[in-house]
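Encoded as structure tokens, the structure appears first; notes follow it.
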Number of protein chains: 2
Amino acid sequence: MTTQRKEALRIRLDEAKLKKTRHRTMVLDVLDQENTFLSADDIYLKLKQEDASVSLSTVYRILETFVQTGLVSPIALDDTKPMLYEIAHAHHAHHLICRQCHKVIHVEHCPLEHYETRLEKAHGFTIDEHRLNFYGVCEACANTDQ
Amino acid sequence: MTTQRKEALRIRLDEAKLKKTRHRTMVLDVLDQENTFLSADDIYLKLKQEDASVSLSTVYRILETFVQTGLVSPIALDDTKPMLYEIAHAHHAHHLICRQCHKVIHVEHCPLEHYETRLEKAHGFTIDEHRLNFYGVCEACANTDQ
DNA sequence: GTAGGTGCAAAGAGTTTGCATACGC
DNA sequence: GCGTATGCAAACTCTTTGCACCTAC
């Protein structure tokens, strides 16, 4: 990790009003670099490669903190057991998720804004969030299949 | 459970090519009656009220069978730990989920069909399914809040 | 009668927690 | 130096599995 990059990560922790510890910086770095859904264990293993002295429970605690401060979003993908996490994106986004390679494509455009208002009126519901994911097979996997 | 209702449930099991056991009928009955998301444990407790001799592992095994035959859909709701299940609906549906009482409103209309085609072309992705859930507060909960 | 469904207990996976120590501010 | 982050181990929750027995067909 370059000094410059490290500094950028530390600034983001600072903005979230969190102590800038080595482990938090590393977890944020991994999530930011990968830019995909990762489990606590995925992150733990990656950290291990750089620094032997990390514990899985710390990763869980850091992720909990990050979720609460909005740095990271938890994602209940499909019917997978371990909870997955991704770096929070500035914009509300949807996902195209490949069932084979688990690659995730982020779709920033949201077609549902007007529809949401209609739903609220129709059902007397106050909506604060929606989650939309598409599942299928990406181009690369479709090609390697044959 | 009336004889008539029991018979209707048994026919549905038969159509799924499953042996019509007492426990399977009961699990299907609970899911059908409640028409909401239930965890394996929720179902287990309800069955216990009618019949003491049921085990939780049987409920899990029945749910797995039902999911495979398409009678029931597993739902990874939000960031909840236990997996939830609901009776499979004939039509693709979306959900309005109340964060307070966990009531679920089913929305049968889907505004995404054309959008999905556009996405497929734009990203070279073959989409086989999408999941759309709205989170917020229902009318009843909003009223009791004050 | 046979294939497969079920109960029980034990194991497994993922996650959380208590406590002593280490570290950021 | 104070408050909190962390490591370790143990506990906890949800789910699966092995095996003997039972039930639907």
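Chain letters run A, B, ... following the sequence lines, proteins first and then strands; every chain starts at 1. The basis for the numbers below is simple: all heavy atoms, side chains too, and nothing from hydrogens, waters or symmetry mates.
- Residue A/L56 contributes atom CG, which lies 8 Å from atom P of C/dT15 at whole-angstrom precision.
- Rounded to 10 degrees, the angle separating the terminal axes of the helix from C/dG1-D/dC25 to C/dC25-D/dG1 is 40°, with each axis obtained from five end pairs.
- For the residue pair B/L71 and B/A16, the shortest heavy atom distance occurs at CD1-CB, 4.0 Å.
- Atom NZ in B/K17 sits roughly 17 Å away from atom C1' in C/dG4 (whole-Å rounding).
- By the side-chain hydrogen bond (donor to acceptor under 3.5 Å, both in side chains) test, A/E116 is found to be paired with A/H130, residues two or more places apart in sequence or in another chain being considered.
- Every residue two or more places apart in sequence or in another chain was checked for a salt bridge (charged side-chain N to carboxylate O under 4.0 Å, His left out) with A/R118, and none qualifies.
- Residues passing the side-chain hydrogen bond (donor to acceptor under 3.5 Å, both in side chains) test with B/S39 are B/D42, sequence neighbours excluded.
- Both A/S55 and B/S39 sit near DNA chain D, but only A/S55 has its closest nucleotide nearer the 5' end.
- A donor-acceptor distance shorter than 3.5 angstrom exists from the side chain of B/T36 to the backbone of B/E34, with no hydrogens or angles considered.
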Measure all distances between protein nitrogen or oxygen atoms and nitrogen or oxygen atoms of nucleotides 21-25 of chain C, and list the pairs falling under 3.5 Å.
{"from": "C/dC25", "atom 1": "OP1", "to": "A/K20", "atom 2": "N", "distance (Å)": "2.9"}
{"from": "C/dC25", "atom 1": "OP1", "to": "A/K20", "atom 2": "NZ", "distance (Å)": "3.3"}

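- For the segment residues 59-66 of chain B, residues with any heavy atom less than 4.0 angstrom from an atom of DNA chain C are, sorted by number, B/R61, B/I62.
- Taking A/T58 as the reference, A/S55 meet the side-chain hydrogen bond (donor to acceptor under 3.5 Å, both in side chains) condition, with sequence neighbours excluded.
- Evaluation of the salt bridge (charged side-chain N to carboxylate O under 4.0 Å, His left out) rule for A/D32 yields A/R5, A/R12 as partners, not counting sequence neighbours.
- Every pair passing salt bridge (Lys or Arg N to Asp or Glu O under 4.0 Å) that includes a residue from residues 17-28 of chain A is listed here, sequence neighbours excluded: A/D14-A/K20, A/R22-A/D51.
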Assess whether side chain to side chain donor-acceptor pair (under 3.5 Å) is satisfied between B/E139 and A/H123, documenting all intermediate values. CA-CA 8 Å; B/E139 201 157 23; A/H123 295 95; over 6 Å; no
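- Open room surrounds CD on B/E113; 12 or fewer heavy atoms of other groups in view lie less than 6.0 Å from it.
- Nucleotides of DNA chain D lying under 4.0 Å from heavy atoms of chain B occupy a range whose first and last members, 5' to 3', are D/dC14 to D/dC25.
- Clustering of Ile, Leu, Val, Met, Phe, Trp and Tyr by side-chain heavy atoms under 4.5 Å joins B/F134 with A/L96, A/I105, A/V107, A/L112, A/Y115, A/L119, A/F125, A/I127, A/L132, A/F134, B/L96, B/I105, B/V107, B/L112, B/Y115, B/L119, B/F125, B/I127, B/L132.
- What separates CG of B/L28 from P of C/dG5 is a distance of 15 Å, to the nearest Å.
- For A/Y44 and C/dA13, the OH to P distance is 15 Å, given to the nearest whole Å.
- Residues meeting the side chain to side chain contact (heavy atoms under 4.5 Å, CB included) test with B/E7, sequence neighbours left out: B/R10, B/I11.
- Taking atom CG on B/L13 and atom C1' on C/dG4, their separation rounds to 15 Å, with Å as the unit.
- Salt-bridge annotation for B/R131 and B/E129: present, with a side-chain N of the basic residue lying under 4.0 Å from a carboxylate O of the acidic one.
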